[in-house]
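Structure, as structure tokens:
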Amino acid sequence: MSSIEELVAGWDGEALVSHYDRDSGTFMFIGIHSTRLGPACGGTRIRVYPTPADAVHDVLRLAEGMTLKCAAAGLPTGGGKAVLAVPEVPAGTAKRELLLRYGRLIARLRGTYRTGPDMNTTSADMDVLGEVTEFAFGRSPDNGGAGTSAPDTAVGVQHGIRASCEHAFGSADLTGRTVLVQGAGGVGRVLVDLLVRDGAKVLVADIDPQRVVELEHRYGVVPVDAADVVGTDCDVYAPCAVGSVLSAASIPRLRCPVVAGAANAQLAEPDDAERLRAAGILYAPDFVINSGGALHLIGIELLGWSEATLRARVAAIGPTLLEIYRHADAEARTTEAAAEAIARARLTGADRPAVSTGLSRSDRYLAPARSPDR
Ligand code: NAI
Ligand code: PHE
């Protein structure tokens, strides 16, 4: 792992906020990658990392992913991410107190960074943050928030899988297609339900066997050992658990023509996009196919979308992917590069203040930074 100095020096984002929480031994890092299109938005991940440098590596790449995600989805928001690198994942009072201290750090950023749920954080945790800062998406509906984003992330992935099958096999019909869902959590569970309704044959793997057993009983899905995901034959592999699953080691062993799933940062390194292309595997760029959660949180809470608008925007993930695949084919480049080009065009073309893109009056002081541009 590179040093923190090397990681920060090699990053093109705007700011890395860091704070050491002495009470819990937690390093808090907030990566503000871009405010070019609006306030930097992205979830808070609580995780045990081998070293603080690993946490910084994670927050920097995830924050960039959020910039690309929001831009590609046409949202008037920038990209950021936060990680709380804990000695052990807290629960109960310890978690609540950690979140309250972290929430005060977010409050001090006065809206430049707006958080939401991510790994090991939930709507209930956003309710706790909401006690000390207004800048937390995804509070429970009882507390005025948009609630969990996982179901809309799953719906977006369903649209993305259909579009990917249309491109790869000439039909978006999932009847009889074999889809392997890795991770039966908030997103994976809902995705399984949607795929079963679409007539797909669904395979499921999770490191928590109980989660697989539940789905087996409920839907008759085929269980796959979590260690066997990479070598398992399927039409579509849908990573919905951890990142970095597509690597120099895993790609040659994949037995699927399509990878299309919800996990953030699926490529272990940038060259993996080319490795997938060379292997003839169609890859749905993660920051496009998993944008349903961001559309849900930002669309409902910041932009005041109706249910109909939200449905239409989540469904548009399918056509967006088809456009990306057409560009990638025509220009003989990776789907990741084609998707990044669309996002970066939006970033460089965005030169109007945030008020014209739907943010409320109170957001005026958050007009996007003119510089640095990206
Ligand atoms: P979750 O924490 O509810 O579920 C993750 C599931 O993956 C758990 O059941 C866990 O046991 C399982 N898992 C962990 N490591 C595994 C492994 N090596 N093999 C198989 N299963 C494993 O998380 P959630 O919300 O379902 O998110 C899934 C992924 O999608 C994450 O990468 C997340 O960052 C990403 N994502 C989630 C969004 C959301 O709205 N929840 C939005 C965009 C991306
Ligand atoms: N963490 C989720 C994601 O990666 C949801 C989220 C989106 C959280 C936007 C905050 C802001 O997309």
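Since the structure is predicted, the reported quantities are computational estimates derived from the model, not experimental observations. First listed ligand is number 1; within each ligand, the first listed atom is number 1.
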Report the nearest protein non-hydrogen atom to [atom]: residue, atom name, distance rounded to 0.1 Å.
atom                    : answer
atom 19 (N) of ligand 1 : Ile207 CG2, 3.9 Å
atom 4 (O) of ligand 1  : Gly185 CA, 3.2 Å
atom 33 (C) of ligand 1 : Asn264 ND2, 4.0 Å
atom 28 (C) of ligand 1 : Cys240 O, 3.2 Å
atom 12 (O) of ligand 2 : Lys69 NZ, 2.7 Å
atom 36 (N) of ligand 1 : Ala262 O, 3.7 Å
atom 39 (C) of ligand 1 : Thr153 OG1, 3.4 Å
atom 10 (C) of ligand 1 : Asp206 OD1, 3.5 Å
atom 31 (C) of ligand 1 : Ala241 O, 3.1 Å

Out of curiosity, is Arg45 lining ligand 2, as in a heavy atom under 4.0 Å away?
no
Is the closest heavy-atom distance from Met66 to ligand 2 below 4.0 Å?
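Per 4.0 Å heavy-atom rule, Met66 contacts ligand 2.
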Under 3.5 Å, is there a donor-acceptor pair between the [X] and [Y] side chains?
X      : Y      : result
Thr115 : Tyr113 : yes
Ser140 : Asp127 : yes
Ser171 : Glu166 : no

Check each atom of ligand 1 against the heavy atoms of [X] and keep those under 4.0 Å away; list them by number with element.
X      : answer
Val242 : 15 (N)
Gly183 : 7 (O), 21 (N)
Ser149 : 39 (C), 40 (O)

So, are [X] and [Y] salt-bridged, with charged N and O less than 4.0 Å apart?
X      : Y      : value
Glu214 : Arg218 : no
Asp198 : Arg162 : yes
Arg311 : Asp152 : yes
Glu269 : Arg275 : yes
Arg101 : Asp21  : yes
Asp58  : Arg47  : yes
Glu323 : Arg326 : no

From the options [options], select the one whose nearest heavy atom is closest to [atom].
atom                    : options                        : answer
atom 3 (O) of ligand 1  : Gly43, Ala263, Gly186, Ala226  : Gly186
atom 2 (C) of ligand 2  : Ala294, Ser149, Pro117, Gly293 : Pro117
atom 8 (C) of ligand 1  : Arg211, Gln182, Arg45          : Arg211
atom 37 (C) of ligand 1 : Thr122, Asp208, Val187, Val245 : Val187
atom 8 (C) of ligand 2  : Leu297, Leu62, Asn264          : Leu297

With respect to Thr115, determine whether any N or O atom, backbone or side chain, lies less than 3.5 Å from an N or O atom of ligand 2.
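By distance alone, the answer is no.
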Could Arg177 and Phe169 be counted as a cation-pi pair, given that NZ or CZ must be under 6.0 Å from the ring centre and within 45° of the axis?
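Verdict for Phe169: a cation-pi partner in Arg177.
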Just jot down the side-chain contact (heavy atoms from CB on, under 4.5 Å) partners of Ile4, sequence neighbours excluded, or say none.
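Per chain and number, Ile4 pairs via side-chain contact (heavy atoms from CB on, under 4.5 Å) with Val8, Pro52, Ala53, Val56.
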When you measure from the side chain of Asp193 to the backbone N and O of Val190, does any donor-acceptor pair fall under 3.5 Å?
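No; judged by distance alone, with no hydrogens or angles, the pair does not exist.
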Check Glu301 against ligand 2 and report side chain, backbone, both or neither, counting heavy atoms closer than 4.0 Å.
neither
Out of all atoms in ligand 2, which are within 4.0 Å of some heavy atom of [X]? Include the element for each.
X      : answer
Gly116 : 8 (C), 10 (C)
Lys81  : 1 (N), 4 (O)
Gly43  : 8 (C), 10 (C)

Region of Ala184 that comes within reach of ligand 1 [heavy atoms, distance under 4.0 Å]
backbone
4.5 Å side-chain heavy-atom contact, Leu215 and Arg189
yes
Pairing residues for His57 by the side-chain hydrogen bond (donor to acceptor under 3.5 Å, both in side chains) criterion, not counting sequence neighbours:
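Here no residue qualifies.
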